[in-house]
Amino acid sequence: MFIADLLKDKVIVITGGGTGLGRSLGERFLELGAKLAITSRREDVLQKAAEEMSQNGGEVFYVPCDVRDPEQVTKMVDAVWQHFGKIDVFVNNAAGNFISPTERLSSRAVDSVLNIVLHGTFYCTLEVGKRWIEAGQQGTFLNIVTTYAASSSGSGFVTPSAAAKAGVLSLTRSLAVEWAKYGIRHVAIAPGLFPTEGAWSRLVPTQEMADQIIHRVPMRRVGNKEELSNLAAYLISDQAAYINGEVVTIDGGEWIQGAGQFNELIDVTEEQWDQLAASIKKGK
Ligand code: HXC
Ligand code: NAP
């Protein structure tokens, strides 16, 4: 289904689009014919990314914006609208996160994550949604969440992120219903482990943690960015026009491995199973 013009002439905005997963999404959307706007706090990062991303053709416009500030969000959306004349898809991808025991967090640390993830997503959604409604234009929001939001498990040691992403998921589902009458669709993706500089430096800071992390995934590998980008391209395309309010998990089975009570038995060898079976049968 990934025909070359799947996203032809769609104007797509990606927050946090200059690095990591946001950049990978943008690169794939460009290949499929989209026009792109990327935004985040650091202008130098955006400028370099925009230059590199447009090398194979396609247009990449960039606007610096801190999504925690509603005035900057309004200006950013104004700038994109003025440049392209419309927005078709808005990807709420920008995030902040780091591991820490919760009792070590200051209120400012909590705010820094909640304000980027929950408030930032809300401000962007409100700003763009109001314009779509006023213009009578259809549109799609894609929100990037996490498996600990999608599975409703939450997660210790990243509690501001867990609370904020759960809020984003709730926003996704709430507006999927409320704004469907305007032709506005909401979808979300919950990625598992996709190594990026931004996430790994804050969440997997040691080699030992990096070596261990793969054991969380039954497929024993991390995800690759093309897999994520293809899923995103499908979800924002017209091919997925009837998908609304859904979150798609892409994690190689990671969260469900953690949830199953006996799933750690995956590491038991055949020999150990022979011994266990003998011992169980003897006991009956
Ligand atoms: C405890 C910390 C801390 C840490 C910062 N703080 N890092 N507290 N442990 N490791 C505290 C600071 O001391 C300060 O509080 C407050 O948080 C704000 O810190 P600043 O550095 O001033 O904030 P700011 O410059 O706004 O940066 C925001 C940030 C930073 C979230 C802290 O990490 C950032 O810019 N992140 C953006 C990119 C990112 O996080 N990418 C990863 C997304 S991955 P005090 O009280 O001292 O003033 C993701 C995926 C999850 O979400 C799933 C993966 C598998
Ligand atoms: P990343 O490269 O650190 O991406 C975060 C982006 O958000 C950066 O481009 C950053 O740019 C931007 N950003 C941060 N604060 C901002 C603010 N206040 N205003 C505007 N932009 C801001 O990490 P990533 O791994 O690609 O994460 C991308 C998304 O995937 C996030 O939503 C994350 O939660 C999600 N995710 C990732 C993984 C994974 O395994 N990597 C797993 C699950 C979910 P600036 O610093 O320039 O602002």
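Sequential numbering from 1 along the given sequence is applied to the chain's residues. Both ligands and their constituent atoms are indexed starting at 1 by order of listing.
The nearest protein heavy atom to atom 15 (O) of ligand 1 is closer than 4.0 Å. For atom 35 (O) of ligand 1, a protein heavy-atom neighbour is found at a distance under 4.0 Å. For atom 45 (P) of ligand 1, the nearest protein heavy atom is under 4.0 Å away. Atom 6 (N) of ligand 1 is approached by the protein to below 4.0 angstrom, counting heavy atoms only. When distances from atom 10 (N) of ligand 1 to the protein are checked, a heavy atom turns up under 4.0 Å. For atom 21 (O) of ligand 1, no protein heavy-atom neighbour is found at a distance under 4.0 Å.
The backbone N or O of Val168 sits less than 3.5 Å from a side-chain atom of Thr172, completing a donor-acceptor pair. For the pair Thr15 (side chain) and Asn93 (backbone), a donor-acceptor distance under 3.5 Å is present. The backbone N or O of Lys8 sits nowhere less than 3.5 Å from a side-chain atom of Asp5 that would complete a donor-acceptor pair. In this structure, the side chain of Glu227 engages the main chain of Asn224 through a donor-acceptor pair within 3.5 Å.
Ranking the protein heavy atoms by distance from atom 29 (C) of ligand 1 puts Ser112 OG, 4.3 Å first. If you check which protein heavy atom lies closest to atom 48 (O) of ligand 1, you get Arg108 NE, 2.7 Å. Closest protein heavy atom to atom 51 (C) of ligand 1: Asn97 ND2, 3.3 Å. The protein non-hydrogen atom at the shortest distance from atom 12 (C) of ligand 1 is Ala109 CB, 4.9 Å. Among all non-hydrogen protein atoms, the one lying nearest atom 42 (C) of ligand 1 is Gly198 O, 3.7 Å. Nearest protein heavy-atom neighbour of atom 32 (C) of ligand 1: Phe98 CE2, 3.7 Å. Among protein heavy atoms, atom 38 (C) of ligand 1 sits closest to Ala95 O, 3.3 Å. The shortest contact between atom 31 (C) of ligand 1 and any protein heavy atom is with Gly96 CA, 3.8 Å.
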Evaluate ring-ring contact (aromatic ring centres under 6.0 Å, His included) for Trp132 paired with Phe141, printing each intermediate quantity in order.
CA-CA 11 Å; Trp132 280 340; Phe141 287 103; 4.9 Å; yes

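With sequence neighbours excluded, no residue satisfies salt bridge (Lys or Arg N to Asp or Glu O under 4.0 Å) with Asp211. In this view, Asp78 and Arg131 satisfy the salt bridge (Lys or Arg N to Asp or Glu O under 4.0 Å) rule, not counting sequence neighbours.
Only side-chain heavy atoms of Arg68 come within less than 4.0 Å of ligand 1; its backbone N, CA, C and O stay farther off. By the criterion of a heavy-atom distance under 4.0 Å, the side chain of Arg41, and not its backbone, is placed next to ligand 1. Contacts between Arg202 and ligand 1, counted as non-hydrogen atom pairs separated by less than 4.0 Å, involve the side chain only. With a 4.0 Å heavy-atom cut-off, ligand 1 is reached by the side chain of Leu203 but not by its N, CA, C or O.
Between Glu246 and Arg173, none of the side-chain N atoms (NZ, or NE/NH1/NH2) sits under 4.0 Å from a carboxylate O, so this pair counts as no salt bridge. Using a 4.0 Å cut-off between a side-chain N of Lys or Arg and a carboxylate O of Asp or Glu, Lys130 and Glu134 do not qualify as a salt bridge. Lys10 has a carboxylate O that lies under 4.0 Å from a charged side-chain N of Asp238, or vice versa, which qualifies the two as a salt bridge. Salt bridge annotation for Asp44-Arg42: absent, with no cationic side-chain nitrogen under 4.0 angstrom from a carboxylate oxygen. A salt bridge is defined here as a Lys NZ or Arg NE, NH1 or NH2 lying under 4.0 Å from an Asp or Glu carboxylate O, and Arg216 with Glu264 fails to meet this definition.
Legend: ring-ring contact (aromatic ring centres under 6.0 Å, His included) pairs involving residues 14-39, not counting sequence neighbours: none detected.
By the 6.0 Å and 45° rule, Arg28 stacks over the aromatic ring of Phe2.
Each of the atoms 51 (C) of ligand 1 lies under 4.0 Å from some heavy atom of Tyr148. Below 4.0 Å from some heavy atom of Ser106 lie the following atoms of ligand 1, by number and element: 15 (O), 45 (P), 46 (O).
With a 4.5 Å cut-off on side-chain heavy atoms, Ser24 and Leu228 do not count as touching.
Backbone and side-chain nitrogen or oxygen atoms of Thr146 are examined, and none is located within less than 3.5 angstrom of a nitrogen or oxygen of ligand 1.
More than 12 heavy atoms of other residues, nucleotides or ligands lie within 6.0 Å of CD in Gln272, so this atom counts as buried by the packing criterion.
The contact shell of ligand 2, taken as protein residues with any non-hydrogen atom closer than 4.0 angstrom, comprises Gly16, Thr19, Gly20, Leu21, Ser40, Arg41, Arg42, Cys65, Asp66, Val67, Arg68, Asn93, Ala94, Ala95, Ile116, Ile144, Val145, Thr146, Lys165, Pro191, Gly192, Leu193, Phe194, Thr196, Gly198, Ala199, Trp200.
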